[in-house]
Each structure stands twice: as C-alpha cells, then as structure tokens.
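Letters go in sequence order (proteins before strands), and every chain restarts at 1. Values reported hereafter were calculated over all heavy atoms of this structure, with side chains retained and with hydrogens, waters and symmetry mates removed.
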There are 2 protein chains.
Amino acid sequence: MRNTKANIGRVFHALGDPTRRAIVEKLSQGPVSVSRLAGPLAITLTAVAQHLQLLEESGLVHTEKVGRVRTCRLETAGLSLAEQWIGERRSLWECRLDRLGHLLAEEEE
Amino acid sequence: MRNTKANIGRVFHALGDPTRRAIVEKLSQGPVSVSRLAGPLAITLTAVAQHLQLLEESGLVHTEKVGRVRTCRLETAGLSLAEQWIGERRSLWECRLDRLGHLLAEEEE
DNA sequence: TTAATAGTCAAGTAAATACTTCAGTAATTC
DNA sequence: GAATTACTGAAGTATTTACTTGACTATTAA
C-alpha cells in the first residue's frame, strides 16, 4: 500500500526545505540511490532517508528497493499538483485585473 | 525600502503553511484589509500580521497602509518564481525520459 | 565465512515556528 | 474630545522540525 496522498500542503511543505529541494533538483537529472544522494549533502544517511520519506509521502519522489539498494526517482504527481494550484490562484487574480481594466475603460468613454 | 527578496526557498516555505495558503487563496479573489483577512481565520490579528510579513518578504503579497487600514493584494512575483522552478525541474525530467525512450527505440531496430 | 556495503529503526536534542497575551499608537467616528 | 477601530511591537510558550547517535538487518563482495 503506497502512502502517496499528494495533497497540496504536503507538497509545498516538502519543497520548503532546502535539502529536500536539492534532492528534487538532483533527481530531476535522473534516478539515484539513497547513499549517492547523501554523498554531496553534508548530513547523515539517516537524515536523507527521513527527507525521502516525506518526499515520497508528498508524491514528489518514488523509491523502490532492489536488493540492498533503494533507487529514487522524481515523480511528476507532486510537481503537477503544485503547478496546478499556483496556476489556479494566478488565473483568478489575472482575470480579476482584466475585469477591472474593462470597467476603467468603460468609465473613460 | 522593500524587503522583497523573492527567493524560491522563501516562497515554498511560505506556501507550506495552511493559514498562509488560505490568505493567498482569499487574496486571489481581490484585495482585502488585514482585519477582514483575520475574520474567518481562527487566530488573532497579530498572528495574521506575522503571516503577512512573511508573505510580503517572499514576494507573494504586497501590502500598503492608507490611513489606519493596511490593504493586502496578491503579487505575481512569488507565484511566478515557484511556477518557474517547478517547470524547470519537470522539463529536465521529461526531457530525460524522452532521451531514454529514443535510446530504447533505437535498440529495438 | 568474513567483511563491507546499503539502508532501517528508535530515541534524543537543539533550533525554528506558529501561535499567544498584553501594552502600545495612530486614524476615524460619535 | 472621548470612544472605537485598525493595526503594531515585544516577549513568552508549546509544538514541530531537522538533525544526530548508536544499534540493528539484510545483501553483496572478497
């Protein structure tokens, strides 16, 4: 059973941490194992694993263990959700500005 | 002097909190004063003002005080930055999947 | 079979965060 | 000019968070 309830809160919270963003950035270039992921980051493997759990729960990353190595790869679900939320707010706002512009233009006549 | 260094870390961190997201959602429908913003939220005015400061610093919201009332409105800078970051990671990842697909197709020949 | 590698689990800690209260100040309204 | 409204600032608190250490398990390599 996958615990991937990709709600918008989890996604933004996950992306709010610099270490987790670094992980996502790395994974956008291709799949990597946990220890290779931990290498350049100045924290313990345990800490990386904890971040990965959060990233997985938020639908930003998918991991799979084969033998003793767990391979991590980017999952688009999380990013899509965030993109969608942002797009919605933005279009609401821009639509409002448009209406305002029309009203002002009408008044000028 | 405006303290609007809209870096990606601040933006995602700001959007990670449910109260701040509620504020952004409300403001996407149009400008609102601080006290009207605090109304439906079950927290004090002070707390709302603290969230607003963070939102302003992250480039998601712009506020302006006229008389005794501070009016808040959505600012696109923050949202744009987040949208851009997400788009970049996503396109890197999708481009990689494309190349992988091509390689596999070539091998089939 | 032994040693090394890759990761997991549980428990603890220090710092960050989201609040609160209380005491202001300045702008309106009565 | 007195009361009300709309915030602002400082200081404190409880919870969450990012991290650590140390002991453990499984897989692979020598």
For the helix from dT1(C)-dA30(D) to dC30(C)-dG1(D), what angle lies between the axis at the first five pairs and the axis at the last five pairs, to 10 degrees?
20°
Euclidean distance, atom CD of residue Q53(A) to atom C1' of dC19(D) [Å, nearest integer]
15 Å
Any non-hydrogen side-chain atom of L37(B) less than 4.5 Å from a side-chain atom of L52(B)?
yes
What is the first contacted nucleotide of DNA chain C and what is the last, in 5' to 3' order, if contact means an atom lying under 4.0 angstrom from a heavy atom of chain B?
dT17(C) to dT28(C)
Under 4.0 Å: is that the gap between some side-chain N or O of R68(B) and OP1 or OP2 of dT8(D)?
no
Go through the structure and list residues passing side-chain contact (heavy atoms from CB on, under 4.5 Å) with A38(A), not counting sequence neighbours.
L45(A), V48(A)
Nearest 0.5 Å, please: how far is OG in S80(B) from CG in L60(B)?
9.5 Å
Quick check on DNA chain C: between T71(A) and D17(B), whose nearest nucleotide comes earlier from the 5' end?
T71(A)
From CD of E56(B) over to P of dC7(D), roughly how many Å is that when rounded to an integer?
13 Å
Compare all side-chain heavy atoms of L54(A) with those of D17(A) and state whether any distance is below 4.5 angstrom.
no
Reported NE2-to-CZ distance for the pair H13(A) and R21(B), which is rounded to 0.5 angstrom
10.5 Å
How many Å lie between NE2 on H13(B) and P on dT16(D), as a whole number?
15 Å
Indicate whether OP1 or OP2 belonging to dC19(D) is found under 4.0 Å from a side-chain N or O atom of T19(A).
yes
Distance from L55(B) atom CG to R20(B) atom CZ, nearest 0.5 Å?
6.5 Å
Taking for each residue the nucleotide of DNA chain D with the nearest heavy atom, is it R70(B) or G67(A) whose nucleotide lies nearer the 5' end?
R70(B)
Nearest-angstrom distance from the residue atom CD1 of I23(A) to C1' of dA18(D)
12 Å
Compile the donor-acceptor pairs under 3.5 Å between side chains in residues 22-35 of chain A and protein atoms, sequence neighbours left out, one pair per line.
residue : atom : partner : partner atom : Å
E25(A)  : OE2  : W85(B)  : NE1          : 3.0
S28(A)  : OG   : E25(A)  : O            : 2.6
S33(A)  : OG   : R36(A)  : N            : 3.3

Between the base of dT20(D) and the side chain of Q50(A), is there a donor and acceptor pair under 3.5 angstrom?
yes
F12(A) with L41(B), same ILVMFWY side-chain cluster at under 4.5 Å
yes
Taking DNA chain D as the partner, which of residues 27-49 of chain B come within under 4.0 angstrom of it by heavy atom?
S33(B), V34(B), S35(B), L45(B), T46(B)
Partners meeting salt bridge (charged side-chain N to carboxylate O under 4.0 Å, His left out) with R90(B) (sequence neighbours left out):
E83(A), E94(B)
Distance col, row L15(A):CG vs I86(B):CD1, nearest 0.5 angstrom, shows 6.5 Å
Among Q53(B), R70(B), E75(B), R73(B), side chain to side chain contact (heavy atoms under 4.5 Å, CB included) partner for T63(B):
R70(B)
Nearest heavy atom decides the nucleotide; on that basis, is V69(B) or R20(A) closer to the 5' end of DNA chain D?
V69(B)
